[in-house]
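First the proteins, then the strands, lettered A, B, ... as listed; each starts at 1.
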Amino acid sequence: MDRQAYSQLEQQITPKTPIALNLVKAFVTGGIICTIGQGIMYFYMYFFDFTERTAGNPTVATMIFIAMLLTGFGKYKRIAQFGGAGSAVPVTGFGNAMISAAIEHRTEGYVLGVGGNMFKLAGSVIVFGVFSAFVVALIKTILVKLGVVGW
Amino acid sequence: MTASFLIAFVVGGLFCVIGQLLFDVAKLTPGHTLCLLVVSGAVLDGFGLYEPLIDFAGAGATIPITSFGNSLTHGALQEAEKHGLVGVITGMFEVTSSGISAAILFGFIASLLFRSKGRP
Amino acid sequence: MKRVIAIAGTCLLLAGCGAGAGEIRVSGGEPEENQKVEEVLKEKDGRIVSAVAVFVHEDLLVGVQVKPFSRFSKTKIEEELTKELEKAFPEETVTLSTDLKIFWETDKLDELEEEDKLHKKVETIKSLSKEET
Amino acid sequence: MVARGVIRFGNRPTIRAAAVAAGPTEKKNSPFSHQFDRLYDSDLIGQKTNEQAHRQLIEDACDLALNKAGKTISDADYLVCGDLVNEMTPSNFAAASTGLPYVGLFSACATSTSALAYAALLTEVGAASLVLAGAASHHSAIERQFRYPVEYGFQKPQNAQWTVTAAGFAAVTPHEPGYPSICQATVGRVVDYGLTDPLNMGAAMAPAAFDTFRRHLEAAGTEPEDYDVIITGDLGAIGTQLFRKMASEAGYAVEGERWRDAGKEFYGGDPAFFAGASGAGCSAAVYFSDVYSRMMEGEYRRALLMATGALLSPLSFQQGESIPCTCHAVELVMGEGEGR
């Protein structure tokens, strides 16, 4: 059997990704995580002096704290296996990427292991976030200076 | 009030659906997908679209990773508004995201407390 | 997971009790002043679900709740309403916000009797409404 | 010379004893667990790191195999084994603590048979009276090296495979009647059909398995029906289907219970483990427990062990390279009358 015939056969036999089902699962999982976030946001607004605008920060921190517990007790990977992007896209997924790497590399010591590898997975998100923010802000500022758009 | 929860659910869910499409249809790795979403969050804020979305959806827009790109751009733009082009650069260094600090802090704490478990 | 749901549920309950139900309520001013505020707010009736306005000395504090789909243009609505109220009450300092927190706090102002506590609360609300992310 | 890459052992080296040590997940989920010689309740096996646990697994399996053969470490002449961790350090450390002359073999998940073939060769030429040969893998140690941190959440597809925590070792001696002996081995070629998905290893490895299978049978002049069992290493549910399809299209009769796959059977088809098990310890654990005991009981008179290995590294697949694969075959016979 040559390569081409084999690759056709392989595509036939390898189970298809259940895309529709995965989308529904991602929607529900992500939706639930964001709803919990909304609840935490209201909690901070109701009991502390946070407005809708400022409650986002403590909410995100709390969500990551919850992600830490779930990751540490081995539950987050189960949620991820079910939810796919539903657990990866919310900030808890970002937390999970950093926390799991930190836990994993503890055996190499705190400086080289935890410190050095914490950003192994999540680092690229920070790099591209900061760089794209810089480019976008630069372009917009130049356009404003040229009078093409307003702030 | 109930409406806010419902909107957060739907909007947050839709962000994840986009992510899942990038996983399954575009066959991107989680790393590539998240980077793409962060970049699009930054770009959306450049067009001034992300803040209204946060006003609308609350946690549905602040919890997805896109809001990270948004808050970075937003910080840079605020500085730029005050100080012009130099502000873009100084703004970049001034912006902090609670998400990053929280993840670093809790990541370190987790490394003190937990071990990984090789179970399904 | 259960803990999270419990917290979320509690918040839902508490929050559900806190908000005034769907009406425009103005207090603390002369009857005709109150009437005027109500009129201004009612002009935007299509978008406003409920509102609380309180006159405290030189301050007019207004908390507004807009319809879900009008939240996209929250900032615009805030600007428009503030402008109109400032026109109607040139001698008052108008603090208007569509933020839920401000709405709750303004709602609670009515119950406060003591003068210095009231003053403190007003200052808190004013500073909160100015805070950015 | 029989054929390129095919070794025929006229002296028939024997597997005098074989032993398997396995971790807690295997204890709980593997239908073979009652045949394993030692099971641990913790992934760490009382060690500080997963890598130390990995090394402990190797040492314990070696000890068990020697015990079962009624020998001690001083009777052994060589240690031939390998694993998947960086530069095979667990094997290296285990070799250091045994103090035996040691050859580290990297054939990825095909190490169980390549070690067996190498041990048979040393025995055949009279260089050894006892060789410890085997392979091991430790889920947490390998998962983090080849994929993501163990606790990182990402959706694995149905064609993914689960790396086992297990070590299987055999004590290979010159011919002794009453034990399974090695009559032929085929050293695998590296076959690369250009597949790139590291989460679909079974599909990548199937062509290598078929290549070795055909070469082995052609050199031996046998048909599949001549074997009581033809057991591949860790092709998993998808790879097994592909391998059988390839074999049947080439005209081999693919039917009956004689066609087995260690990876597919390892967790009893539990969907929590996706397409089945993988890892160097997977084939070693099944060969040196289930297959070995069935041969000792006389159920299998002639067995073809074909462990498959995907020879990739995290670096190579991130650079977009395809997955080169291999498969080494070892043929075992029980009793004198069988074979040639």
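Minimum heavy-atom separation, Ser100(A) to Pro149(D): O-CB, 3.6 Å. Looking at every heavy atom in both residues, Lys245(D) comes nearest to Leu9(A) through CG-CD2, 3.6 Å. Phe274(D) approaches Gln81(A) most closely through the heavy-atom pair CE2-NE2, 3.5 Å. What you find for Pro15(A) and Gln158(D) is that their closest heavy atoms are CG-CB, 3.9 Å. Closest non-hydrogen pair, Lys77(A) versus Tyr152(D), comes out as CB-O, 4.0 Å.
Counting only distance, with no hydrogens or angles, the side chain of Asn96(A) and the backbone of Gly153(D) share a donor-acceptor pair below 3.5 Å.
Looking at Ala272(D), there are no atoms closer than 4.5 Å to chain A (heavy atoms on both sides), in backbone or side chain. Within the 4.5 angstrom heavy-atom criterion, only backbone atoms of Asp2(A) (N, CA, C, O) approach chain D. Of the atoms belonging to Thr14(A), heavy atoms from both backbone and side chain fall under 4.5 Å from chain D. With a 4.5 Å cut-off on non-hydrogen atoms, Thr71(A) touches chain D through its backbone and its side chain both. At a 4.5 Å heavy-atom cutoff, the contact between Phe154(D) and chain A is made by backbone atoms alone. Heavy atoms of Tyr148(D) lying under 4.5 Å from chain A belong exclusively to its side chain. In this structure, chain D has heavy atoms under 4.5 Å from both the backbone and the side chain of Ala97(A). Within the 4.5 angstrom heavy-atom criterion, only side-chain atoms of Glu108(A), from C-beta onward, approach chain D.
One finds the CG atom of Asn159(D) at 12.0 Å from the CD1 atom of Ile13(A) (value rounded to the nearest 0.5 Å). Lys48(D) contributes atom NZ, which lies 11.5 Å from atom OG1 of Thr107(A) (distance to the nearest 0.5 angstrom). Rounded to the nearest 0.5 angstrom, Thr49(D) OG1 and Arg106(A) CZ are separated by 11.5 Å. We find the CG-OH distance between Leu242(D) and Tyr6(A) to be 4.0 Å, quoted to the nearest 0.5 Å.
Applying the 6.0 Å contact sphere to CZ of Arg214(D) captures more than 12 heavy atoms from other residues, nucleotides or ligands. Residue Tyr193(D) places its OH atom among more than 12 non-hydrogen atoms of other residues, nucleotides or ligands, all under 6.0 Å distant. The environment of CZ in Phe93(D) is sparse: at most 12 heavy-atom neighbours from other residues, nucleotides or ligands sit within 6.0 Å. When the shell of 6.0 Å around CZ of Phe146(D) is examined, it contains more than 12 heavy atoms from other residues, nucleotides or ligands.
Per-residue heavy-atom pair counts under 4.5 Å with chain A were compared for Lys156(D), Arg144(D), Glu249(D), Met246(D), and the maximum is reached by Arg144(D). For chain A, the option among Gly239(D), Ala237(D), Pro157(D), Pro207(D) with the highest count of heavy-atom pairs below 4.5 Å is Pro207(D).
Glu104(A) is listed as a side-chain neighbour of Asn50(D), based on a closest heavy-atom distance under 4.5 Å. No side-chain heavy atom of Glu151(D) sits under 4.5 Å from any side-chain heavy atom of Ile99(A).
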